[in-house]
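Throughout, protein chains are lettered first and strands after them, A, B, ... in sequence-line order, and every chain is numbered starting at 1.
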Protein chains: 2
Amino acid sequence: MFVVPLIERKRDGGALSPEEWSACIAEYTAGRLPDYQMAALLMAVVLRGLERQELAALTDAMLASGQRLSFESWTAARIDKHSTGGVGDKVSLVLAPLVAACGVAVPMMSGRGLGHTGGTLDKLEAIPGFRTGLSLAEAKAQVMKLGCALIGQTPEIAPADRRLYALRDVTGTVEAIPLIAASIMSKKLAEGLTGLVLDVKVGSGAFLPPVAQGLELAQTMIALGGDRGCPTVALLTAMDRPLGRACGNALETEEAILALRGEGPPDLMEVTYALGVEMLLAAGIETSTKKARKKLEAALSSGLAAEKFEQVIEAQGGNPKVVEDPSVLPQAEAVEVFLAPETGVVTRVDPRTIGRAVVALGGGRQQVDDVIDPTVGFVITVKPGDRVLEGEPIASVFAKDAGGVKLGFEALGQAIVIGDRLREKPLPLISHRVTTDGIEDLTRSPAGAV
Amino acid sequence: MFVVPLIERKRDGGALSPEEWSACIAEYTAGRLPDYQMAALLMAVVLRGLERQELAALTDAMLASGQRLSFESWTAARIDKHSTGGVGDKVSLVLAPLVAACGVAVPMMSGRGLGHTGGTLDKLEAIPGFRTGLSLAEAKAQVMKLGCALIGQTPEIAPADRRLYALRDVTGTVEAIPLIAASIMSKKLAEGLTGLVLDVKVGSGAFLPPVAQGLELAQTMIALGGDRGCPTVALLTAMDRPLGRACGNALETEEAILALRGEGPPDLMEVTYALGVEMLLAAGIETSTKKARKKLEAALSSGLAAEKFEQVIEAQGGNPKVVEDPSVLPQAEAVEVFLAPETGVVTRVDPRTIGRAVVALGGGRQQVDDVIDPTVGFVITVKPGDRVLEGEPIASVFAKDAGGVKLGFEALGQAIVIGDRLREKPLPLISHRVTTDGIEDLTRSPAGAV
């Protein structure tokens, strides 16, 4: 009952002390503070916010609820990238081996699909045999040996976040910047990193669409990371349309492999390189954007990045042949081409409609314990601004049967809007760079002209 | 899961439809909507408020969760009084038989002590044998026969309120005007009334101390009652000091009996008469304040009111001799007189300190299933503004042993502040009258000069 006055204080706009946050999270994790009291406290936080000190204390308490990767005296730079989630976002699968191939250790802990967005773990598990459930000890050994491990949030990492996340999901307390920041950072800080790069999605397909909210989330996480000895930098990237062409687990894994072989779509490559540059700079391996970019391009064109992915796949029990021959990925039963219904300009490719359709096709979960079908999804070859002719192929549906194809066609018909001209400018692919020094608007500098 | 979008809408400042409120309350009462979701929704309501239509729908849904007294074709005026709770507030025990003696039916449903405030049921149960747990059928028969029944909230009445109240108590969601209004009115509207008079307490000992909040609560409940065919009027009365002299269950019952015999303290009598006048006016038995007051005074001085209380006590299994001889009430083991520690003016008699001390002495509950000791409490014979001489008796402590007396003395020493002059004017005993026509400031009219 110690918590009632704390709930009342937060409700009335006051702050909890670090000790009070620590006690709340410890008691909640131990099952002694009931869900209904935590739900009331979380709703008060959503509406009243958290002071910087409170957010730090909450994050520390969530971090302290579990174990963390410790590399002790191993001084190699360890950098991870985290995306706030989007549709078609397979960047991690390209970026992790690419950066590891440049000599940076990447202990990457990813999540599963959530709502309309896909999850890196689900994409990796499309590879036959791939095991994401490594223990912390296994992950550490692999990072020290190969420079990269691609794992899921183990039960030992931030268990408080696991319980809180499940509660937030059913109590309307997901969309709150401090709670999102604490959830992400409590997991990332458990990875034993020396630096972190964030990909904060903005636009209609992001969890927090407005650019202003994306900037606030970025700044909140950067402050949290910096204060806790993990220098953090963020890029804001566009999620008003899917990233790349493929949406769906195996399809995205295939696109990632093509990207590692130098055949990735331009938007996917630009975002991957931009984040990779930040990771190399954070690692201190390069000191200029230009040199970092060249190093990444060389690692890709030389085949080193693809080779690194093969090593990681093999180490984690997957079939490494997939990199040479993506057809070892599971294939959809029914594939049909979608034709442009009219001549004109593509004004919109709505990411939420596409993301939800992937889930509806069986490629995501409606309930926590749903088994997903890795083969389903879309490949959409047009972007907003492209001119199309009636009858021209602009997308494909991958489904398990004719009913799925029908559903997919309906979704494409709704998501891809064709008009006489582009009414609204698509968001810049990479719009802002956020560091502890402030916000850099990349659309006003040559670097952003992509 | 239908409720998550509703929680989100309320969180974002939107409104729920009547059907949505009805579904939430029905599912919650049926145990299908879990406490944690209701807690999040309640916190959002505390911080975002309820629109008038929403409050009406919530109240109706809570009312509809249970049964209600129905007097069918019985056309007699049925008026109840409800107080928002205070310290030393034994008005109900005097008022119900007094008004019933004037020919108004009073089906009064009361509560137990809550926090630092006492409860009418606990006071009644100090009378040996008194049974407050009548069924609705028993209560109805007694009201039709005697014109008065004094009962507790039966399990059939607004069960949703019962569950919601318990949840609010442990989730920091008590202090919200719409939730307080819905809780009170869902129970009162179940009494089958033709009118309702509210005693809204203001000042430091009230649940909502500021006058502005008291006025808002009064207006909210008046609108709710009026819209649902139960004309409602409210008086704002002072709770910056205890009402009357006695605080503690048997002590207050004794003071109420003395009041019915014409020996009540002036402040208790004024509040009782003022509320009684409103009840007679609401019943249409008198048409002017003056005549109504005279009728009440006559019912008291003639002994009819005391006789009515005897009848009610007898009908509900209590020992009716208590009215003639209050010493049949249980008596405290240890009684000690408290002397003024210095000469000066009483500047404060803090009601919360006194109320909490009654609970600490065993006269209230710290936990729901605590058994209370009806004998303990205080009689405080001074009011703010009174001059006192050092060593003069100003109060008595009633306890079960010497330890209790010590505790009581400490509380009195803290609660009764003596200074050189009154620094802050006590609140007017009866400050405002609130009706659907608006707010009448009684301190600017002769009626308020009490």
Met43(A) side chain reached by Val46(B) side chain, heavy atoms, under 4.5 Å: no
Supply the atom-to-atom distance [X] [atom1] to [Y] [atom2], rounded to the nearest 0.5 angstrom.
X	Y	atom1	atom2	result
Thr171(A)	Met38(B)	OG1	CE	13.0 Å
Glu175(B)	Glu8(A)	CD	CD	5.0 Å
Thr173(B)	Gln37(A)	OG1	CD	10.0 Å

Closest approach of Val170(B) to Ile7(A) (non-hydrogen atoms, all atoms of both residues): O-CD1, 4.3 Å
Closest non-hydrogen atom pair, Val4(B) against Asp169(A): CG1-O, 4.1 Å
Greater than 12 external heavy atoms within 6.0 Å of Gln53(B)'s CD: no
Interchain contact, Leu6(A) with chain B, by part (heavy-atom threshold 4.5 Å): neither
Greatest number of heavy atom pairs closer than 4.5 Å to chain B - which of Pro34(A), Ala40(A), Ala39(A): Ala40(A)
Which of Arg11(B), Arg48(B), Lys10(B) touches chain A most, by non-hydrogen pairs under 4.5 Å: Arg11(B)
Chain A contact via Arg9(B) - which portion, at a heavy-atom distance below 4.5 Å: neither
